[in-house]
Amino acid sequence: MEGKISRGQLNLNSVLKKYILVSFLFFSFLGKLFAQEQVFFFGFFPEAAVTKSLSNGKKINFKVENQETFFRNTAREGEKWDVRHYRTDFMGFYSWQASPVINLAIGAFHRIQDGANANRIIQQMAFLQRLRSLRIAHRIRTDQTATRGESLEWRLRYRVALDIPLDGKTLDPGENYLVLSNEPIFSLQDGEFELENRLVFTLGKLINEEQKLEYSIDYRTDGFFQEGFRTRLWAKIGYFYNF
């Protein structure tokens, strides 16, 4: 009936909520279980992206991210609370529609970090599900990272994100939205397997048809299988422009 959500849609929403919650609890538990040496730091994470639409569903995207740490528990006493540059990332993507529901992209990435500058090649597939006022975005990504002084790192990533408008059933200019996402990242380097997880809560505002602004809490954990469990907590702000 009109105005009512079907039982299948309710079940899917329930599954997504459980997936996000269980993922968070599972990775947190694994970290505590396997960790021998825990590292924690948090900081500020501004990002900005520009996307240009081309013909036939093709797009090019440029993005820059900067990470500044405010606290590191591994620093010496008196230096733990200090603003330090952690890394700056530059990336570009070229994407196209492979079908009405599937988007493909390739990208290149350059990282500036003290003693660990890196370059990365990225391959990506994304598709979107719509459930009345909800959108569920899926992204599968593989990448290969070459870091100075290290062996090549291979990664496989899967991100699922639930996009919810907060001011109505559809998102219109001037309105707010909420995004909940989780992304496990599997990596292989020098024959060693590792796992990272990224859980992100975002409050965004669609300023107009071309611009949006987002505020996020980004909770990242890694070192589940190798020595040195690490937690990174980022306060993020992002500006996105599409034309």
Side-chain angles (χ1 to χ4, degrees), residues 20-21 23-50 62-91 109-120 143 145-150 153 155 157 159 161 176-187 189 192 194-205 212-241:
I20 294 172
L21 176 61
S23 296
F24 174 76
L25 295 175
F26 174 71
F27 287 113
S28 297
F29 169 76
L30 277 182
K32 293 181 180 179
L33 183 63
F34 292 109
Q36 298 180 9
E37 183 179 327
Q38 297 193 21
V39 174
F40 171 76
F41 59 86
F42 75 87
F44 181 52
F45 190 147
E47 60 180 347
V50 176
F62 297 98
K63 186 176 184 181
V64 59
E65 301 176 342
N66 188 66
Q67 300 177 3
E68 304 288 334
T69 60
F70 293 161
F71 175 82
R72 301 174 66 104
N73 69 340
T74 56
R76 294 180 297 178
E77 290 297 331
E79 297 181 356
K80 292 184 177 182
W81 289 92
D82 190 19
V83 179
R84 300 181 185 180
H85 175 260
Y86 180 57
R87 61 176 53 152
T88 300
D89 296 338
F90 301 92
M91 62 195 80
F109 166 105
H110 178 67
R111 167 169 293 161
I112 299 174
Q113 184 175 359
D114 288 344
N117 286 2
N119 293 290
R120 178 178 297 161
D143 59 53
T145 304
T147 304
R148 182 184 301 172
E150 298 182 9
E153 179 182 17
R155 301 196 306 174
R157 309 167 56 166
R159 178 181 182 267
N176 301 305
Y177 58 92
L178 179 68
V179 181
L180 307 176
S181 71
N182 193 63
E183 182 179 27
I185 303 173
F186 307 91
S187 68
Q189 186 178 32
E192 295 184 341
E194 189 49 271
L195 173 65
E196 176 182 351
N197 193 68
R198 299 180 181 180
L199 182 66
V200 184
F201 298 84
T202 298
L203 178 63
K205 183 180 182 66
K212 62 181 180 180
L213 189 64
E214 295 185 345
Y215 304 91
S216 305
I217 297 297
D218 186 325
Y219 177 72
R220 302 184 179 188
T221 48
D222 59 12
F224 290 98
F225 298 104
Q226 305 303 322
E227 186 174 336
F229 180 70
R230 182 174 61 164
T231 297
R232 292 165 289 168
L233 185 63
W234 298 106
K236 297 178 68 174
I237 181 171
Y239 172 75
F240 305 89
Y241 180 69

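Heavy atoms only: backbone and side chains are in, while hydrogens, waters and symmetry mates are out.
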* **Any residue meeting ring-ring contact (aromatic ring centres under 6.0 Å, His included) with F41, in chain and number order, not counting sequence neighbours** => Y86, W234
* CZ/F44 to CD1/I237 distance, rounded to the nearest 0.5 angstrom? -> 5.5 Å
* **Non-neighbouring partners of L233 that pass side-chain contact (heavy atoms from CB on, under 4.5 Å), sequence neighbours left out** => F40, F42, I217, Y219
* Going through the distances and angles, do E65 and M91 end up as a side-chain contact (heavy atoms from CB on, under 4.5 Å)? -> CA-CA 9 Å; E65 301 176 342; M91 62 195 80; 3.9 Å; yes
* Structure fact -> Taken to the nearest 0.5 Å, the spacing of R111 CZ from T147 OG1 works out to 7.5 Å
* Asked: If you measure from CG on L199 to CG on L180, what distance do you get to the nearest 0.5 Å?
  -> 8.0 Å
* Output all residues satisfying side-chain contact (heavy atoms from CB on, under 4.5 Å) with E194, sequence neighbours left out; order by chain, then residue number. => S187, F224, F225, Q226
* Check side-chain contact (heavy atoms from CB on, under 4.5 Å) between N119 and all other residues, then give those that pass, not counting sequence neighbours. => H110
* By salt bridge (Lys or Arg N to Asp or Glu O under 4.0 Å) - contacts of R148 (at least two apart) -> none
* Distance (rounded to the nearest 0.5 Å) between R120 CZ and R155 CZ -> 4.0 Å
* Structure fact -> When rounded to the nearest 0.5 Å, the distance separating CD1 of I185 from CZ of R220 is 7.0 Å
* **Which residues share a salt bridge (Lys or Arg N to Asp or Glu O under 4.0 Å) with R157, sequence neighbours left out** => D143, E183
* Return the minimal non-hydrogen interatomic distance between A75 and E79, and the atom names on each side. => CB-O, 3.7 Å
* Over all atoms of both residues, closest heavy-atom pair of P184 and L195 -> CB-CD1, 4.4 Å
* To do: Sequence neighbours left out, what passes side chain to side chain donor-acceptor pair (under 3.5 Å) with T88? Give chain and number order.
  => N66, H85
* **Intermediate values then yes/no, side-chain contact (heavy atoms from CB on, under 4.5 Å), K205 and Y215** => CA-CA 9 Å; K205 183 180 182 66; Y215 304 91; over 6 Å; no
* Structure fact -> Residue set satisfying side chain to side chain donor-acceptor pair (under 3.5 Å) with Q67, at least two apart, ordered chain then number -> none
* **Any residue meeting side-chain contact (heavy atoms from CB on, under 4.5 Å) with Y239, in chain and number order, not counting sequence neighbours** => Q211, L213, Y241
* State which residues pass salt bridge (Lys or Arg N to Asp or Glu O under 4.0 Å) with K236; sequence neighbours excluded, sorted by chain then number. => E47, D218
* **Residues in ring-ring contact (aromatic ring centres under 6.0 Å, His included) contact with F71, at least two apart in sequence or another chain** => W81
* Excluding sequence neighbours, so at least two apart, what forms salt bridge (Lys or Arg N to Asp or Glu O under 4.0 Å) with R232? -> E196, D222
* Separation between CG of N176 and CD of E214, rounded to the nearest 0.5 Å -> 11.5 Å
